[in-house]
Structures are given as C-alpha cells and as structure tokens.
Amino acid sequence: MKRRTLIQNLLTGSAALALPAFAQSERRIVLGQSAAFTGPAAQLGIQMNRGARVYFDAVNASGGVNGHTIELRSLDDGYEPDRCKANTEKFIKDNVFALFGYVGTPTCLAALPLVLESRIPFFGPFTGAESLRDPFAKNIFHIRASYYDETALIVKQLTSLNMKKIAVFHQNDAYGKAGLDGVTRALKPLNLTPAALGTVERNSVDVAKAVRDIIAAHPEAIVQIGAYKACAAFIREARKAGYGGQFYNVSFVGTQALADELGKEGHGIVISQVMPFPFSTTTPISREYLDAVAKAGGDAKPNYSSMEGYVAAKVFVEGLKRAGRNPSREQLISSLESVQNNNLGGFHVNFGSRDHVASHFVEVSMLTEDGKVRR
C-alpha cells in the first residue's frame with residue numbers, strides 16, 4: 001500500500017472516532033518531545049527544547065495554565081527515525097497529553113503512523129516538509145512556514161539576481177527530498193531545473209563526492225538542504241576546490257550552529273528563516289523572547305532554533321488556556337483551531353478548522369565574518 005493511501009485510510013478512520021479519553025491524575029499537563037540531543041544534529045534539538053522550556057518554565061512559575069503546570073518530557077532520538085518511533089511508542093504508552101516540538105522530517109515521518117492511529121495532538125514539529133501537511137490531519141499543527149515557502153523565496157531571490165544555474169546539495173532522505181522538491185517546484189515556472197545534485201547521508205559529513213558532482217557543473221549558486229555539520233563540511237570543501245559562488249540554506253540547518261561550525265568561513269552564507277529575527281528588539285515578540293532568555297539565564301542563548309521552541313510553546317499555551325480547566329485532547333484541538341488572526345507581536349498565527357499551518361512567514365538572513373547573523 002502506498003504511503004499516501006495508508007495515511008488517508010488512517011485519517012478516514014480517525015475522523016469516524018472520538019478522541020480517546022485523557023484523564024489527568026494530577027494538575028499537570030505532560031508533553032512528550034523526541035528530538036536529537038546527541039550526535040551531529042544535537043544543537044537542533046537542544047536549542048528547540050531550551051526555547052520551549054524558557055516559556056513553559058515562566059508559565060509554571062506564574063501559576064500554570066488554568067491551574068495546571070506543564071511538564072515537557074524529552075527523549076533523545078539522535079535524529080534517527082527508528083529511535084524516534086520507539087520514543088513515540090513510549091510516550092503514547094505513558095499516555096502523555098500531547099506530542100510537542102519533534103525535530104526533523106525523517107524522524108517525524110517515522111512517528112506519523114503512530115500519531116495518526118492514536119489521534120494524539122502533534123504540535124509544532126521543527127520541519128517544513130509537505131508530507132507532514134498534506135494530506136490534512138486533524139491532530140497535527142504546524143507553527144512554521146513550509147520548505148516550499150522557503151525554497152520559493154530562495155529561488156526568487158537568486159533568479160532576481162539573474163542566477164539561473166542553481167545546484168542542490170541535499171540530505172539523502174525525506175528531509176533532503178522535501179527541500180529538493182521545493183527548489184524544483186520553484187524553478188519549473190521559469191523553465192529551469194537544478195544544474196547539479198549532490199547528496200550526503202543523514203548524520204554524516206562525507207561530502208567529497210557531492211562536492212565533485214556539483215562543482216563540475218559550475219553552478220552560480222548552491223542551495224543546501226541539510227543539517228549544520230554536513231552543510232559546513234560541504235562549504236569548506238567546495239571552497240577548497242575553488243568554488244566562489246553563493247550558498248543558500250533553509251532554516252532547518254540550524255543558523256547559530258552553522259555559524260559556530262564555520263566561524264569566519266561563514267561570511268556571506270544566506271539562510272532562509274521562518275521566525276522573526278531573535279537577536280534584536282525590532283519586534284515585540286523578539287523583545288519578549290530576549291527578556292525571557294535573559295531572565296532564564298543558564299545555558300539559554302538567543303538563536304533562531306530556540307526562538308522557534310519559544311514561539312511554539314507560546315501558541316500551545318494559548319490553545320491550552322482556551323481549552324478550559326479540565327482539558328481533553330479534543331478540546332485542545334478545537335481550541336487551537338480558534339487561534340485565528342493572532343498577532344504575537346510581529347509574528348502572526350492563524351489556524352482554522354481545515355488549516356493547521358499557522359504561518360507562511362519567510363525572510364532571509366546572512367552570516368557575518370564574526371560569526372553573527374544579520375538580516
């Protein structure tokens with residue numbers, strides 16, 4: 001059975017049944033998060049988790065939500081699908097209230113059949129893959145714009161600069177394919193196709209063949225769809241090979257982690273972003289986030305991945321507030337759907353009964369020679 005047909009069957013079955021009852025034995029809402037906390041993609045999970053905890057901890061310190069405190073239980077999957085699936089099975093067995101802030105396309109896709117079958121709310125995954133958005137699922141909510149949104153902006157910017165030879169370096173899995181599909185889709189109306197392709201395996205930095213394959217085509221720009229260590233390795237090796245063109249990355253790369261990996265070599269690298277700029281007080285949501293990070297202290301540092309966790313936690317809490325004093329999973333879903341035309345302070349969130357993608361906001365940023373990020 002094809003994957004899409006399987007998902008549609010699960011969705012059809014889900015629609016016919018009420019959500020399973022969820023009884024709170026304590027005044028506590030327990031969320032489960034599977035993400036990479038070790039390995040080459042660790043900073044993505046660590047920062048997403050830290051940003052969410054900054055918000056949840058502040059909410060708990062002020063009395064919680066309708067008398068409930070929020071507990072975020074996190075399990076390491078190392079950015080490996082099988083481990084994420086096992087973590088998800090455990091969370092469902094433990095009867096957590098919802099799944100929150102999963103990180104990565106291949107890992108989320110491994111969890112997807114369990115999410116659909118159990119009908120547990122699955123909120124704010126750190127991925128822009130279309131395969132998690134279409135077909136529509138009643139219990140899945142996205143905060144961020146999609147990879148289609150990001151790659152459309154990247155291609156628009158490159159072609160507006162009269163760059164037409166655009167290559168793609170991508171992770172050899174569902175995430176890489178999602179980004180490649182986005183670039184190909186954006187190029188098609190311009191009667192263009194990717195000038196060259198190169199791949200890297202997930203959790204690997206073996207980029208030598210990809211560098212050879214892509215540099216041989218002499219592209220004017222290279223769009224990278226990978227995590228920070230592999231993308232940094234590719235940039236370094238491509239430049240050693242004499243490549244002088246432009247590099248673009250999508251947001252999942254981990255902006256600060258990429259900057260940290262490259263140092264001065266990161267100068268001029270462009271990254272599409274789906275969250276407001278987190279390093280200055282130019283928007284109210286950025287000011288709120290920076291104040292919260294400063295108050296939290298410890299290991300919390302401002303960056304895009306952390307801000308995504310913070311924003312996801314903030315929107316989740318808004319839905320929880322609307323769900324009342326004794327929320328069920330079904331009430332949470334209905335309440336989240338009522339979060340419409342909500343301005344968080346420069347970042348607009350809009351759900352609906354048939355639209356669970358809150359934002360299509362995308363802009364670009366650039367790494368500087370001193371390892372910082374500018375708009």
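Numbers here simply count residues along the sequence, with the first being 1. Since this is a predicted model, take the numbers as computed values, not measurements.
To the nearest 0.5 Å, atoms OG (S118) and CG (N139) are separated by 7.0 Å. Here the CD1 atom belonging to I140 is positioned 9.0 Å from the SG atom belonging to C108, to the nearest 0.5 angstrom. Here the CD1 atom belonging to I222 is positioned 11.5 Å from the CD atom belonging to E220, to the nearest 0.5 angstrom. If you take SG on C231 and CD on Q171, they are separated by 8.0 Å, rounding to the nearest 0.5 Å.
Residues that satisfy the salt bridge (Lys or Arg N to Asp or Glu O under 4.0 Å) test with E71, not counting sequence neighbours, are R28, R73.
Two rings, from F100 and F91, have their centers 6.0 Å or more apart. No close placement of the Y102 and F126 rings is indicated, their centers lying 6.0 Å or farther apart. When ring centroids are compared, H348 and F361 stay outside the 6.0 Å threshold. Under the 6.0 Å cut-off for aromatic ring centres, Y175 and Y147 qualify, their centroids lying closer than that.
L31 and I46 fall into different hydrophobic clusters, where Ile, Leu, Val, Met, Phe, Trp and Tyr residues are linked whenever their side-chain heavy atoms come under 4.5 Å apart, directly or through other members. A single hydrophobic cluster is seen to contain both L153 and M275, as judged by linkage of ILVMFWY side chains at heavy-atom distances under 4.5 Å, directly or through other members. With hydrophobic clusters built from ILVMFWY side chains whose heavy atoms lie under 4.5 angstrom apart, Y148 does not share a cluster with V362. Y310 and F37 fall into different hydrophobic clusters, defined by Ile, Leu, Val, Met, Phe, Trp and Tyr side-chain heavy atoms under 4.5 Å apart, directly or through other members. V357 and F122 sit in two unconnected hydrophobic clusters of ILVMFWY residues. Membership requires side-chain heavy atoms under 4.5 Å apart, directly or through other members.
At a threshold of 4.0 Å, the pair R83-E80 does not count as salt-bridged, since none of the basic side-chain nitrogens sits closer than that to a carboxylate oxygen. Salt bridge present: E150 and R144 bring a charged side-chain N and a carboxylate O closer than 4.0 Å. Residues E337 and K138 are paired through a salt bridge, judged by an N-O separation under 4.0 Å between the basic side chain and the carboxylate. The pair E288-K314 counts as a salt bridge, with a side-chain nitrogen and a carboxylate oxygen less than 4.0 angstrom apart. Salt bridge present: R375 and E363 bring a charged side-chain N and a carboxylate O closer than 4.0 Å. Looking at K177 and D173, no side-chain N of the basic residue comes within less than 4.0 Å of a carboxylate O on the acidic one, giving no salt bridge. Between D94 and K90 there is a salt bridge, since at least one side-chain N of the basic residue sits less than 4.0 Å from a carboxylate O of the acidic one.
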> Where do I225 and N249 land on the side chain to side chain contact (heavy atoms under 4.5 Å, CB included) test, with the steps shown first?
Replying inline: CA-CA 6 Å; I225 316 292; N249 288 261; over 6 Å; no
> Hey, mind stepping through I166 and L192 against side chain to side chain contact (heavy atoms under 4.5 Å, CB included) and telling me if it holds?
Replying inline: CA-CA 9 Å; I166 301 169; L192 298 173; 5.6 Å; no
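The closest side-chain heavy-atom distance from R53 to R50 is not below 4.5 Å. Here the side chains of E308 and S305 are not in contact, with every heavy-atom distance at 4.5 Å or above.
Here the closest non-hydrogen pair linking N172 and E201 is ND2-OE2, 2.9 Å.
Using cut-offs of 30° and 60° for the angle between ring planes, the F247 and F234 rings count as perpendicular.
With a 4.5 Å cut-off between side-chain heavy atoms of Ile, Leu, Val, Met, Phe, Trp and Tyr, the cluster of V205 takes in none.
Counting non-hydrogen atoms of neighbouring residues, nucleotides and ligands closer than 6.0 angstrom, the CZ atom of R236 exceeds 12 such neighbours.
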